[in-house]
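So the structure is just underneath, and the comments pick up after that.
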Amino acid sequence: MARGPLVSIVIDNYNYGRFLKDSIESALSQRYPNTEVVVVDDGSTDDSRKIISQYAHSLVAVLKENGGQGSAFNAGFARSRGDIVIFLDADDFLFDHAASTIVDNWEPCVGQVQCAIFQRDLRARSPQVLLPLPRLTTSEIRARILNCLSTAGPPIHGVGYSRKLLERLLPLPENLWRTGADTPIRLLSPFLGEVVRVQRPIGVYCRHGENDSAMSEMGPHGVGLSVSLRKIRDRLVRDSQARALLKNFLCQRGTRLREDWLFRSPAHLGLRLIHKRLASGNHPFPDDRREDLLMAGIRACLNCPEFSVPKRLVYPLLMLGAAYAPRRVVHAAYRLRLRAPSTVRVRL
C-alpha cells in the first residue's frame with residue numbers, strides 16, 4: 001500500500017525553551033504516519049538544546065550558530081526530505097490531524113494548502129480565537145497582494161507547501177530576513193502554484209507579547225511590556241524589502257508593480273506614522289512628513305476593501321491621534337494596544 005507523500009515539519013527555535021517541548025510533541029504526535037520532524041536551534045542560550053536532546057531518536061536536530069529566522073528556515077529545509085513542508089515556530093503548535101488534513105486536500109497541481117488557525121493569548125485567561133480564513137480563489141489572493149492589502153493567509157504553520165515550490169524560493173538571503181522570514185514565502189508563493197484553502201483549524205498561534213509581530217518586548221528586569229521601536233523599525237524595513245522583492249519578481253515576468261504599493265496599506269502607514277512621531281531621528285524613511293503620512297493613511301483606510309464601515313471611520317481618527325497627540329499619549333495608547341488580550345469567542 002502506498003504510504004502517501006512524506007510531510008516534513010520544520011520547527012525553528014531561538015530561546016523559546018519554555019514553549020519548545022509542546023511544539024515538538026505536537027509535531028511528533030501527528031496521526032499521519034509518513035511524517036518527519038526537523039528542529040533547528042538557531043544558537044539558543046537557554047535550555048532549548050537540552051530539551052531537543054531528549055527527543056534525539058525521534059527527530060532530526062540541526063544545531064547552528066545564531067543567524068536569524070531566514071537562516072533557520074534555510075538550514076531546516078536543507079535537512080528535510082518531505083514532498084510537503086510545514087514551517088512551525090517553536091512558540092506555536094499543531095493539532096494531531098494537521099498533516100493528514102493537508103495531505104487529504106493535496107492535488108498534483110497544488111503549490112500550497114492553507115488551513116485555519118486558532119489564536120491563543122497566553123497573557124490572559126481568554127478563550128482561543130479562530131483567525132479568519134476568507135474563501136478566496138488563487139487569483140483573488142494574488143490581486144490582494146498586488147494591491148498591498150494582505151496575503152489573506154494564516155500564520156505560516158497553517159500552510160503545507162510543495163517542496164518544488166519552496167525550491168524556487170529558498171535559500172533566502174539571510175542578511176535580509178533575520179526576522180519575518182515567512183514574508184517572502186507568503187508573498188511570492190501564490191504566484192508559483194495554486195492555493196487550496198481548508199476551513200478546518202490545524203493548530204494554534206500563541207500570543208505572548210514577545211512575538212516578533214507583537215511590536216513589543218519585555219521591560220526592564222523582565223517585567224511588563226513596552227513598545228519596541230526597534231521592532232517597528234524592523235517591520236517597516238521588511239515592508240520595504242518585500243516591495244523590492246515583489247517588484248523584481250514581477251519584473252522578471254513582464255509585470256510592473258504599482259509605485260504606491262506600500263501607501264495602500266493602512267497597517268504599514270499606521271506603524272510608519274507612529275515611528276515617525278516616536279523615533280524620528282532613527283526613522284528609515286528620512287523624507288517622510290507627518291502630514292503626508294496622515295493623509296495617505298486616511299486615504300488607505302477609506303479605500304481598503306477589507307475594512308468594514310466602522311473601521312473606515314475609526315482608523316482615520318486613530319491615525320489623526322498618532323499624528324498630533326502628544327508623544328507620551330501616542331506611546332501610552334500603543335502600549336495599551338499591546339497589552340490588550342483577544343476576547344472574541346468563536347465556536348465551531
Using only atom types and a distance under 3.5 Å, with no angle test, would you say the side chain of [X] pairs donor to acceptor with the backbone of [Y]?
{"X": "Arg18", "Y": "Asp91", "value": "no"}
{"X": "Lys64", "Y": "Ala75", "value": "no"}
{"X": "Asn74", "Y": "Leu172", "value": "yes"}
{"X": "Asp46", "Y": "Gly17", "value": "yes"}
{"X": "Arg312", "Y": "Cys304", "value": "yes"}
{"X": "Arg233", "Y": "Asn282", "value": "yes"}

Is it the case that atom [atom1] in [X] sees more than 12 heavy atoms from other parts of the structure closer than 6.0 Å?
{"X": "Glu167", "atom1": "CD", "value": "yes"}
{"X": "Arg253", "atom1": "CZ", "value": "yes"}
{"X": "Lys50", "atom1": "NZ", "value": "no"}
{"X": "Arg81", "atom1": "CZ", "value": "no"}

Minimum side-chain heavy-atom gap [X]-[Y] below 4.5 Å:
{"X": "Glu194", "Y": "Glu107", "result": "no"}
{"X": "Ile141", "Y": "Arg197", "result": "yes"}
{"X": "Ile145", "Y": "Pro190", "result": "yes"}
{"X": "His275", "Y": "Arg235", "result": "no"}
{"X": "Arg163", "Y": "Ser80", "result": "yes"}
{"X": "Ile102", "Y": "Ile86", "result": "yes"}
{"X": "Val195", "Y": "Val159", "result": "no"}
{"X": "Arg290", "Y": "Leu273", "result": "yes"}

Interatomic distance, [X] atom [atom1] to [Y] atom [atom2] [nearest 0.5 angstrom]:
{"X": "Thr101", "Y": "Arg200", "atom1": "OG1", "atom2": "CZ", "answer": "4.0 Å"}
{"X": "Leu165", "Y": "Ile185", "atom1": "CG", "atom2": "CD1", "answer": "9.0 Å"}
{"X": "Leu293", "Y": "Ile298", "atom1": "CG", "atom2": "CD1", "answer": "11.0 Å"}
{"X": "Phe77", "Y": "Asp12", "atom1": "CZ", "atom2": "CG", "answer": "14.5 Å"}
{"X": "Phe93", "Y": "Ile202", "atom1": "CZ", "atom2": "CD1", "answer": "12.0 Å"}
{"X": "Ser280", "Y": "Arg327", "atom1": "OG", "atom2": "CZ", "answer": "7.0 Å"}

Between the side chains of [X] and [Y], does any donor sit under 3.5 Å from an acceptor?
{"X": "Tyr55", "Y": "Glu25", "result": "yes"}
{"X": "Gln30", "Y": "Thr35", "result": "no"}
{"X": "Glu36", "Y": "Ser8", "result": "yes"}

Taking all non-hydrogen atoms of both residues into account, name the closest pair between [X] and [Y] and its distance.
{"X": "Ser26", "Y": "Leu88", "value": "OG-CD2, 4.1 Å"}
{"X": "Ile84", "Y": "Pro5", "value": "CD1-CG, 4.0 Å"}
{"X": "Ala279", "Y": "Leu229", "value": "CB-CD1, 4.0 Å"}
{"X": "Pro326", "Y": "Arg277", "value": "C-NH2, 4.1 Å"}
{"X": "Asp41", "Y": "Arg49", "value": "OD2-NE, 2.7 Å"}
{"X": "Asn66", "Y": "Arg178", "value": "OD1-NH2, 2.8 Å"}

Candidate pair Gln69 and Asp89, rule side-chain hydrogen bond (donor to acceptor under 3.5 Å, both in side chains), full reasoning: CA-CA 10 Å; Gln69 190 180 35; Asp89 290 342; 3.3 Å; yes
From Asn13, Asn15, Asp42, residue fulfilling side-chain hydrogen bond (donor to acceptor under 3.5 Å, both in side chains) relative to Ser48: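 The residue from Asn13, Asn15, Asp42 that satisfies side-chain hydrogen bond (donor to acceptor under 3.5 Å, both in side chains) with Ser48 turns out to be Asn13.
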Side chain to side chain contact (heavy atoms under 4.5 Å, CB included) assessment of Asn34 paired with Val7: CA-CA 6 Å; Asn34 199 16; Val7 176; over 6 Å; no
Worked verdict on Leu146 versus Arg258 for side chain to side chain contact (heavy atoms under 4.5 Å, CB included): CA-CA 8 Å; Leu146 292 176; Arg258 56 190 311 151; over 6 Å; no
From CA spacing to verdict: side chain to side chain contact (heavy atoms under 4.5 Å, CB included), Ile156, Tyr161: CA-CA 10 Å; Ile156 195 166; Tyr161 290 101; 4.0 Å; yes
Parallel, tilted or perpendicular: rings of Tyr16 and Phe19 (30°, 60°):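 Phe19 and Tyr16: perpendicular rings.
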Contacts of Phe73 that satisfy ring pair (Phe, Tyr, Trp, His ring centres under 6.0 Å) - sequence neighbours left out: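 Listed in chain order: Phe87.
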Are [Y] and [X] connected in a single hydrophobic cluster, I mean Ile/Leu/Val/Met/Phe/Trp/Tyr linked by side-chain heavy atoms less than 4.5 Å apart?
{"X": "Leu136", "Y": "Val196", "result": "no"}
{"X": "Val110", "Y": "Phe191", "result": "no"}
{"X": "Ile9", "Y": "Leu170", "result": "no"}
{"X": "Leu176", "Y": "Leu166", "result": "yes"}
{"X": "Leu320", "Y": "Leu269", "result": "yes"}

Stepwise side chain to side chain contact (heavy atoms under 4.5 Å, CB included) check, Gln199 with Arg135: CA-CA 9 Å; Gln199 296 300 321; Arg135 298 182 184 276; 3.3 Å; yes
Carboxylate-amine/guanidinium proximity below 4.0 Å for Asp234 and Arg238: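 Salt bridge absent between Asp234 and Arg238.
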